[in-house]
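Beneath this line is the structure, given in structure tokens, with notes to follow.
Starting from 1, each residue takes its place in the sequence as its number. Treat the numbers as computed from the prediction; the structure is a model and nothing was measured.
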Amino acid sequence: MGDFINPNNNLVIMAGGVGSRFWPMSTTDYPKQFIDVFGTGRTFIQMTYDRFKGVVSPDNVWVVTSEKYADIVSEQLPDIPKGNILLEPCRRNTAPCIAYVSWRIKAKNPKANLVITPADHLVTDVVEFQRVIKSALGFTSETDAIVTLGMTPTRPETGYGYIQADLQEASLSNKEIFRVDSFKEKPDLATAKEYVKKKEFYWNSGIFIWNVSTIVNALRIYEPGISRIFENLLPVYGTDKEQEMINKNFPLCESISIDYAVMEKAEEIFVFPANFGWSDVGTWGSLHTIAPVDKNGNNIIGNNVRLYETSNCVVHTTEEKRVVVQGLDGYIVAEKGDTLLICKLEEEQRIKEFSAE
């Protein structure tokens, strides 16, 4: 027999995003969480699922996504029950998404302990990741604390929000967990440099751990309007009326993030500073910094690629064509179906404009 998996442990994967930042590979029909960016044979959502093996049983894995991605989720995560794929009829940010799944899980198991994670992040040290998650789940199962995972910054990153921790005193029952002083918006470069100099600032990973009753109570206090909607649907969860009632009621929710709705207001908020090789891989540029490189600083993802006098490029060509590149420095070369992209890495923010034309 393998290790004991606590039956109260539940995983929620938020997979509703329409991210097309890895164009032409990702599109609004097939966003980032469902593509294999690293050429490993596993997509982001599959890698997210994989790293919880041994921590959460497949029956307790939930995915909240958009109606249009329901089939892709079932296809990519065949081990989780169909009924655990919850479909949002429209986008309403993370607070309604988390409220829906929290009441849905509470209806099934009032003692549930939840990890909430985005579907499209990268973790390179899975052993350390699992240790941190198990430790945090132990903490939230015995307290009414909300725990966020804070990543030790490795550079003055302006693309992430930050968490300021009170490092004076660790929590009594877990010496690795500290109270949150404040949440900080994505900073400008000068502010980010200040944050990195000071030891108490961490990147906000968007991974949360809490007991189901803790989050439901926090939402009742800080977002009574959203709470009433999902509280009123308790009789239909798990029945064939659920989707119809969600389609009717979900659009009535205010569009608000869980950070604004709960994190910045609640009292019992803690951070678990951690270091397990985390990235939200938001751009081709971030892929360039984390994927393996050859001696000339190129990421080559694809089986039939030849580079000559080429450096600091991302070449992502996993389809069957032979690709030969000569004389480029600092470019993205990426293909998907009938589209080929060749673009300066530093200009990738403008890809959207080009691709729309």
Which value, rounded to the nearest 0.5 Å, describes the distance between [X] atom [atom1] and [Y] atom [atom2]?
X    : Y    : atom1 : atom2 : value
R51  : D125 : CZ    : CG    : 11.5 Å
L219 : I229 : CG    : CD1   : 11.5 Å
I209 : S141 : CD1   : OG    : 12.0 Å
W62  : N10  : CH2   : CG    : 7.0 Å
I85  : T65  : CD1   : OG1   : 8.5 Å
F52  : F129 : CZ    : CZ    : 3.5 Å

Step through the shown structure and confirm whether more than 12 heavy atoms of other residues, nucleotides or ligands are within 6.0 Å of [atom1] on [X].
X    : atom1 : value
K199 : NZ    : no
L189 : CG    : yes
K344 : NZ    : no
F183 : CZ    : yes
K175 : NZ    : yes

Would you say the side-chain atoms of [X] pair up with the backbone N or O of [Y], donor to acceptor, closer than 3.5 Å?
X    : Y    : value
T318 : G39  : no
T310 : Y308 : yes
N60  : N9   : yes
T43  : D36  : no
E348 : G285 : yes
T317 : E335 : no

(message) Between S213 and N211, does the side-chain hydrogen bond (donor to acceptor under 3.5 Å, both in side chains) criterion hold? Intermediate values first, please.
(response) CA-CA 6 Å; S213 55; N211 191 285; 2.9 Å; yes
Looking at side-chain heavy atoms only, is the closest gap between [X] and [Y] below 4.5 Å?
X    : Y    : answer
L345 : N312 : no
T143 : E268 : no
L149 : F276 : yes
Y160 : S279 : yes
D259 : N204 : yes
W23  : K336 : no
D79  : Y49  : yes
F38  : M47  : yes

(request) Mind running side-chain contact (heavy atoms from CB on, under 4.5 Å) on S66 and E88 for me, showing each step along the way? (result) CA-CA 5 Å; S66 157; E88 301 175 322; 5.6 Å; no
(request) Report the residue from L307, I301, N298 that forms a side chain to side chain contact (heavy atoms under 4.5 Å, CB included) with V315. (result)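 Of the listed residues L307, I301, N298, the side chain to side chain contact (heavy atoms under 4.5 Å, CB included) partner of V315 is L307.
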Compile the donor-acceptor pairs under 3.5 Å between side chains in residues 110-123 and protein atoms, sequence neighbours left out, one pair per line.
from, atom 1, to, atom 2, distance (Å)
N113, OD1, T140, OG1, 3.0
N113, ND2, L137, O, 2.8
H121, ND1, W278, NE1, 3.2

Any idea which heavy atoms bring [X] and [Y] closest together, and the distance?
X    : Y    : value
S26  : I35  : CB-CD1, 3.6 Å
L340 : V333 : CD1-CG1, 4.3 Å
A15  : I45  : CB-CD1, 3.8 Å
H288 : G297 : CE1-O, 2.9 Å
V271 : G150 : CG2-N, 3.6 Å
A261 : Y222 : O-CB, 3.3 Å

Would [X] and [Y] count as having a side-chain donor-acceptor pair, cut-off 3.5 Å?
X   : Y   : value
S57 : D59 : no
S74 : D71 : no
Q46 : D50 : no

(request) List the steps and the verdict of side-chain contact (heavy atoms from CB on, under 4.5 Å) for R179 and F270. (result) CA-CA 4 Å; R179 283 192 175 275; F270 293 82; 3.6 Å; yes
(request) Please work out which of the three classes, parallel, tilted or perpendicular, describes the rings of F22 and F44, given edges at 30° and 60°. (result)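 Answer is tilted, since the angle falls between 30° and 60°.
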(request) Take the angle between the ring planes of F208 and W210 and call it parallel below 30°, perpendicular above 60°, tilted in between. (result)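 Rings of F208 and W210: parallel, under 30°.
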(request) Under the side-chain hydrogen bond (donor to acceptor under 3.5 Å, both in side chains) rule, what do N109 and N8 come out as? Steps first, then yes or no, please. (result) CA-CA 8 Å; N109 177 6; N8 290 331; 2.9 Å; yes
(request) Kindly determine whether K241 and E244 satisfy salt bridge (charged side-chain N to carboxylate O under 4.0 Å, His left out), including the steps that lead there. (result) CA-CA 6 Å; K241 289 232 168 27; E244 179 195 335; 5.8 Å; no
(request) Apply side-chain contact (heavy atoms from CB on, under 4.5 Å) to the pair Q164 and K198, showing each step before the final yes or no. (result) CA-CA 10 Å; Q164 185 179 13; K198 297 173 182 166; over 6 Å; no
Establish whether [X] and [Y] are linked, either directly or via other cluster members, by ILVMFWY side-chain heavy-atom contacts under 4.5 Å.
X    : Y    : value
V293 : V325 : no
F178 : Y162 : no
L77  : V12  : no
L234 : V212 : yes
I80  : V64  : no

(request) Could you please spell out the steps behind the side-chain hydrogen bond (donor to acceptor under 3.5 Å, both in side chains) verdict for S135 and N174? (result) CA-CA 8 Å; S135 176; N174 188 321; 2.8 Å; yes
(message) Is the distance between the ring centroids of F139 and F272 under 6.0 Å?
(response)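 They do not qualify: ring centres at least 6.0 Å apart.
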(message) I'd like to know whether Q76 forms a side-chain contact (heavy atoms from CB on, under 4.5 Å) with Q33, so could you lay out the CA-CA distance, the side-chain angles of the two residues, the decisive distance to 0.1 Å, and finally the verdict.
(response) CA-CA 11 Å; Q76 294 199 1; Q33 58 269 32; over 6 Å; no
List the atom pairs, donor and acceptor, that lie under 3.5 Å between side-chain atoms in residues 95-108 and the rest of the protein, sequence neighbours left out.
from, atom 1, to, atom 2, distance (Å)
Y100, OH, E242, OE2, 2.6
S102, OG, I98, O, 2.6
W103, NE1, E231, OE1, 2.9
R104, NE, E242, OE1, 3.1
R104, NE, E242, OE2, 3.3

